[in-house]
Protein chains: 2
Amino acid sequence: MSLVLQQHIQKFAGIGESDINEIVSFFDKTELKKKQNLLTEGNICRHSYFVSKGLLRMFFVNDRGIEQTTQFALENWWMADYTSFQRQEPSEYYIQAVERTEVMAISYDKQEALLRQYPAMEKYFRVMHQRAHAAAQFRIKILYSLSREEMYHSFSSKYPGFVQRIPQYLLASFLGCTPEYLSEIRAKRKS
Amino acid sequence: MSLVLQQHIQKFAGIGESDINEIVSFFDKTELKKKQNLLTEGNICRHSYFVSKGLLRMFFVNDRGIEQTTQFALENWWMADYTSFQRQEPSEYYIQAVERTEVMAISYDKQEALLRQYPAMEKYFRVMHQRAHAAAQFRIKILYSLSREEMYHSFSSKYPGFVQRIPQYLLASFLGCTPEYLSEIRAKRKS
DNA sequence: CGGTCTCTTGACGGAGTTCAAAGCTAGTGG
DNA sequence: CCACTAGCTTTGAACTCCGTCAAGAGACCG
């Protein structure tokens, strides 16, 4: 599905038809089975991943041994631990496929080479990071302002299909509560 | 203090001496008194701000009327509501000077013009957003993993000078707790 | 020296956690 | 295609963190 990435790049950067094939050749297509890891704690996040099909999640394991999911990446979104990626230092995160997933991966070094060879790609990555930054600001606001119960209702009315697509315990892990409490929240409305 | 911005741009983008003065002329220097607002709720965030001196904070007012501070920007950091900025839609945030502050402001339109005229600036903004994105990922991890008490201790051991610099109630607003509870946390260690 | 703004202290309440156990579902091998 | 098991979801009781409210003590500024 390199076509998905190609179209995405063309949409956000002014790239000519002649260059686009060579640009896409900097990326490697990878297929992942459910629960397969792209990154594990303690390793350096050497790649940035574009999801062309499926669903990734990023999580860390807290001091009580609980997995905390900090973000999901659906089709057309990028995912990486950018702290680890930009400093090439060990990561504290896991990146894992929630379901069967296809990603286009680009290594740190290849991204550097790509940007040197095609400076027009700076714009593409600038826009991607600006959007991701805006999305992260929004997530932070949500974490400050909503109770877990409000988060659940807001999230499930905004992305009803998505809530069906993932198991309950992953949703709890993303909302930042226990599966037990999420179950209690859901029970309230059924009466 | 346009020199601070100039040096920052030169550090992160390969910009020649000849262009830098013209580039800096796209920005407007603004001085702010303590508690003066750069952005208020309901208005469009038309500028992106580079702090050359002083300290900004971004906050929103939650449904109970409480100010929730989501981020601070010290010298050499950028600040804007990028959701509002990139879509030119009304913001839900305030941006306010904590103390006497000097910023370099660039409007959305001027940034577009700057990037058209100096494509090398794409790299500068790409790097800034990537760093900000990484910082936001880190903040999200903190919000998931630490109790308010742990956040206080981690924050005040990491930035001891900064904690002195701001009033207690702003720190509480940033930690996401009440001034009363912060006071209780601080009292614990004194025995 | 008087008033407003900030910080502290304490009693009570509610949101959300922990632990334990039982019910349910779905994937797997035979 | 069924049976079994592992993993997911629900329920409930006791407990913790942190918010709310109220009131007092400093501290800063005119």
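Residue numbers begin at 1 in each chain, while the letters A, B, ... track the order of the sequences. As the structure is a prediction and not an experimental result, all values here were calculated from the model.
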Visitor: Could you check how far CE of A:M151 sits from C1' of C:dG16, rounded to whole Å?
Guide: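 That distance rounds to 14 Å.
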Visitor: Of all the nucleotides listed (D:dC8, C:dC7, D:dT11), which has the minimum atom distance to the side chain of B:P167?
Guide: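 Taking heavy atoms from C-beta onward, the closest nucleotide is C:dC7.
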Visitor: So A:F162 and A:Y159, would you call those rings parallel, tilted or perpendicular, with 30° and 60° as cut-offs?
Guide: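 Ring orientation of A:F162 relative to A:Y159: perpendicular.
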Visitor: Between the protein and nucleotides 19-26 of chain C, list the N/O to N/O atom pairs that are separated by less than 3.5 angstrom.
Guide:
residue	atom	partner	partner atom	Å
C:dC19	N4	A:E180	OE2	3.4

Visitor: Considering every strand and a 4.0 Å limit on heavy-atom distances, what is the contact class for A:K35: base, sugar-phosphate, or nothing?
Guide: sugar-phosphate
Visitor: Just how far, in rounded Å, is C1' of C:dA15 from CD1 of A:I185?
Guide: 10 Å
Visitor: Select base, sugar-phosphate, or nothing to describe what A:S147 touches, counting heavy atoms under 4.0 Å on all strands.
Guide: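 A:S147: backbone/sugar contact only, no base atoms under 4.0 Å.
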Visitor: From CD1 of B:I66 over to P of D:dC18, roughly how many Å is that when rounded to an integer?
Guide: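 One finds 17 Å between P of D:dC18 and CD1 of B:I66, rounded.
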Visitor: Using whole Å, what does the distance between atom P of nucleotide C:dG16 and atom CG of A:N62 come to?
Guide: 17 Å
Visitor: Filter on ring-ring contact (aromatic ring centres under 6.0 Å, His included), then keep only pairs touching residues 9-42 of chain A, sequence neighbours left out; what's left?
Guide: A:H8-A:F12
Visitor: Rounded to whole Å, how long is the line connecting atom CD of A:E184 with atom C1' of C:dG14?
Guide: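 The answer, rounded to whole Å, is 12 Å.
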Visitor: Does B:R64 put a side-chain nitrogen or oxygen below 4.0 Å from OP1 or OP2 of D:dT20?
Guide: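 Answer yes for this pair, as a side-chain N or O of B:R64 is under 4.0 Å from OP1 or OP2.
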Visitor: Pairing donors with acceptors under 3.5 angstrom, does anything connect the side chains of B:S91 and B:D81?
Guide: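 Indeed, the side chains of B:S91 and B:D81 share at least one donor-acceptor pair under 3.5 Å.
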Visitor: What is the separation between atom CZ on B:R186 and atom P on C:dT6, rounded to the nearest whole Å?
Guide: 15 Å
Visitor: Please tell me which of the listed nucleotides, C:dT8, D:dT10, C:dG16, lies nearest to the side chain of B:Q168?
Guide: C:dT8
Visitor: Could you tell me whether the side chains of B:Y94 and B:R57 share a donor-acceptor contact shorter than 3.5 Å?
Guide: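 Distance-only check fails for B:Y94 and B:R57.
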Visitor: A:Y181 has a side chain; which of C:dA15, D:dC18, D:dT20 sits nearest to it?
Guide: C:dA15
Visitor: Within this structure, what is the CG-to-P distance between A:D63 and C:dT18, rounded to whole angstrom?
Guide: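 Value for this atom pair: 10 Å.
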Visitor: So, B:T40 and B:Y93: side-chain donor and acceptor under 3.5 Å apart, yes or no?
Guide: no
Visitor: Establish, yes or no, whether the cationic atom of B:R131 lies under 6.0 Å from the six-membered ring centre of B:W78 and within 45° of the ring axis.
Guide: no
Visitor: What is the separation between atom CD on A:E150 and atom C1' on C:dG14, rounded to the nearest whole Å?
Guide: 14 Å
Visitor: Where the side chain of B:T178 is concerned, which of D:dC8, D:dG19, C:dT18 is the nearest nucleotide?
Guide: D:dG19
Visitor: Going by atom type alone, with no hydrogens or angles, which donor-acceptor pairs under 3.5 Å involve a side-chain atom of residues 164-183 of chain A and a protein atom two or more places apart or on another chain?
Guide:
residue	atom	partner	partner atom	Å
A:R165	NE	A:E99	OE1	3.1
A:R165	NE	A:E99	OE2	3.2
A:R165	NH2	A:G54	O	3.4
A:R165	NH2	A:E99	OE2	2.7
A:Y169	OH	A:K35	NZ	3.4
A:S173	OG	A:E67	O	3.0
A:S173	OG	A:T69	N	2.9
A:S173	OG	A:T69	OG1	2.7
A:T178	OG1	A:Y181	N	3.1

